[in-house]
Amino acid sequence: MKPERKLAETTIRSGARLMLHEHDGSYAIRLNGQTLMLSVQSASELLLGELAVARAANQPTPNVLIGGLGLGFSLRSVLAKTGPTATVHVAELIPQVVDWNREFLAAVNGKLVDDPRVTIFADDVWNVLATARDRYDALLLDIDNGPTAMVQQPNARLYSPKGIRLMLMALKPGGRAAIWSAGPDHGFADRLSKTGFRVEAIPAKLYANAKRCGCTIYVADKPV
């Protein structure tokens with residue numbers, strides 16, 4: 001059996017250790033030893049991107065915001081579904097994650113970071129949302145562990161009423177937000193609805209052949 005290798009490590013602002021590991025061609029990002037994402041469990045990230053841009057894919061020049069780069073699977077899905085004229089902004093708070101994609105993950109999705117359609121912001125997606133009004137046709141969030149923040153506690157504000165209002169204002173009329181969640185969160189769905197979104201909760205598999213759904217994607221449409 002091939003040994004697991006630690007490729008990189010950084011300390012984030014909470015003081016926790018974020019690490020990139022590789023084992024037999026599979027990659028994992030872990031926080032203090034707990035797995036956050038695996039390259040072999042990418043089905044939900046791919047679906048997140050697909051759902052987010054389903055309404056915008058046929059537009060001539062769709063504008064999309066991705067909150068959280070991770071291992072790049074949602075970025076891959078968005079680029080595949082929107083075509084050569086899309087503008088895709090990616091907000092990634094931890095710059096080392098961007099570096100890891102370029103240095104270690106080229107065989108996964110790392111090359112997409114330098115796609116001419118893509119602009120990377122080494123910033124909190126909160127700040128990007130706060131300066132955008134009626135700018136995006138679609139936005140997707142794969143931040144932390146969803147509405148239950150695990151990596152950085154300040155991320156919880158994204159899922160608060162104020163954070164949801166920022167999402168609504170950043171979208172064009174008829175735009176769509178898609179948000180990854182580790183599981184059903186009825187309180188979050190209620191907050192989306194009360195802010196003015198039309199909401200659907202979609203169970204999602206973590207990997208294609210899974211027998212059950214392991215997470216939830218919230219699709220929230222802004223009225224025209």
Fill in the blank from the handout: When rounded to the nearest 0.5 Å, the distance separating CD1 of I143 from CG of D124 is 7.5 Å

Problem - Any donor-acceptor pair under 3.5 Å from S74 side chain to E45 backbone - result: yes

Problem - CD1 on I164 to OH on Y159, rounded to 0.5 Å - result: 10.0 Å

Problem - Between SG on residue C213 and CD1 on residue I202, distance to nearest 0.5 Å - result: 10.5 Å

Handout entry: Between CD on residue E22 and OH on residue Y27, distance to nearest 0.5 Å
Key = 5.0 Å

Practice task
Using a 4.5 Å cut-off on heavy atoms from C-beta on, say whether the side chain of L36 contacts that of Q34.
Solution key: no

Practice task
Over all heavy atoms of both residues, which pair between A52 and A178 is shortest? Give the atoms and the distance, please.
Solution key: CB-CB, 3.7 Å

Problem - Distance in Å, K172 NZ paired with D134 CG, rounded so as to fall on 0.5 Å steps - result: 9.0 Å

Handout entry: Backbone N/O of L51 and side chain of R176: donor-acceptor pair under 3.5 Å
Key = yes

Problem - Close side-chain approach of D185 to T216, heavy-atom, < 4.5 Å - result: no

Exercise for the section: Return yes if some donor-acceptor pair links the side-chain N/O of D137 with the main-chain N/O of G175 below 3.5 Å, else return no. Expected result: no

Exercise for the section: For this output row, return yes or no: ring centroids of Y218 and F188 closer than 6.0 angstrom. Expected result: yes

Problem - Neighbour count above 12 (heavy atom, 6.0 Å) for R198 CZ - result: yes

Exercise for the section: Determine whether L206 and L38 make a side-chain contact, defined as any pair of heavy atoms from C-beta on separated by less than 4.5 Å. Expected result: no

Handout entry: Shortest non-hydrogen contact between S181 and P147, atoms and distance
Key = OG-CD, 3.4 Å

What side-chain donor-acceptor pairs closer than 3.5 Å can you find for residues 54-71, not counting sequence neighbours?
| residue | atom | partner | partner atom | Å |
| --- | --- | --- | --- | --- |
| R55 | NH1 | G174 | O | 3.4 |
| R55 | NH1 | D221 | OD1 | 3.2 |
| R55 | NH1 | D221 | OD2 | 3.4 |

Exercise for the section: Indicate yes or no for a side-chain donor-acceptor contact from N101 to the backbone of V97 under 3.5 Å, with no hydrogens or angles considered. Expected result: yes

Handout entry: Nearest non-hydrogen partners of G72 and L112, listed with the distance
Key = O-CD1, 4.5 Å

Handout entry: L46 with V40, same ILVMFWY side-chain cluster at under 4.5 Å
Key = no

Practice task
Taking the side chain as every heavy atom from C-beta outward, state whether V113 and V118 have any atom pair closer than 4.5 Å.
Solution key: no

Completion exercise
Minimal heavy-atom distance between S44 and C215, with the atoms involved, is CB-SG, 3.4 Å

Practice task
Identify the heavy atoms of A130 and L166 that sit nearest to each other, and give their distance.
Solution key: CA-CD2, 4.0 Å

Practice task
Answer whether the closest heavy-atom distance between the side chains of L129 and L158 falls below 4.5 Å.
Solution key: yes

Handout entry: K222, NZ: over 12 other non-hydrogen atoms inside 6.0 angstrom
Key = yes

Exercise for the section: Take N109 and L75 through the test side-chain contact (heavy atoms from CB on, under 4.5 Å) and record every step on the way to the result. Expected result: CA-CA 8 Å; N109 299 304; L75 175 59; over 6 Å; no

Fill in the blank from the handout: Rounded to the nearest 0.5 Å, the CE atom of M167 sits from the CH2 atom of W126 at a distance of 8.5 Å

Exercise for the section: Identify whether I29 and M19 are in the same connected component of the hydrophobic contact network (ILVMFWY, side-chain heavy atoms under 4.5 Å). Expected result: no

Problem - Donor-acceptor side-chain pairing of R30 and T35 below 3.5 angstrom - result: yes

Handout entry: By salt bridge (charged side-chain N to carboxylate O under 4.0 Å, His left out) - contacts of D115 (at least two apart)
Key = R117

Handout entry: Any F73 side-chain heavy atom under 4.5 Å of L48 side chain
Key = no

Handout entry: G163 backbone acceptor or donor facing S160 side chain under 3.5 Å
Key = yes

Exercise for the section: State, with a plain yes or no, whether a side-chain heavy atom of L139 is found less than 4.5 Å away from one of V125. Expected result: no

Completion exercise
Between A204 and L47, the two heavy atoms sitting closest are CB-CD2, 3.9 Å

Exercise for the section: Given side-chain contact (heavy atoms from CB on, under 4.5 Å), test N127 with F121 step by step and report yes or no. Expected result: CA-CA 10 Å; N127 298 329; F121 300 126; over 6 Å; no

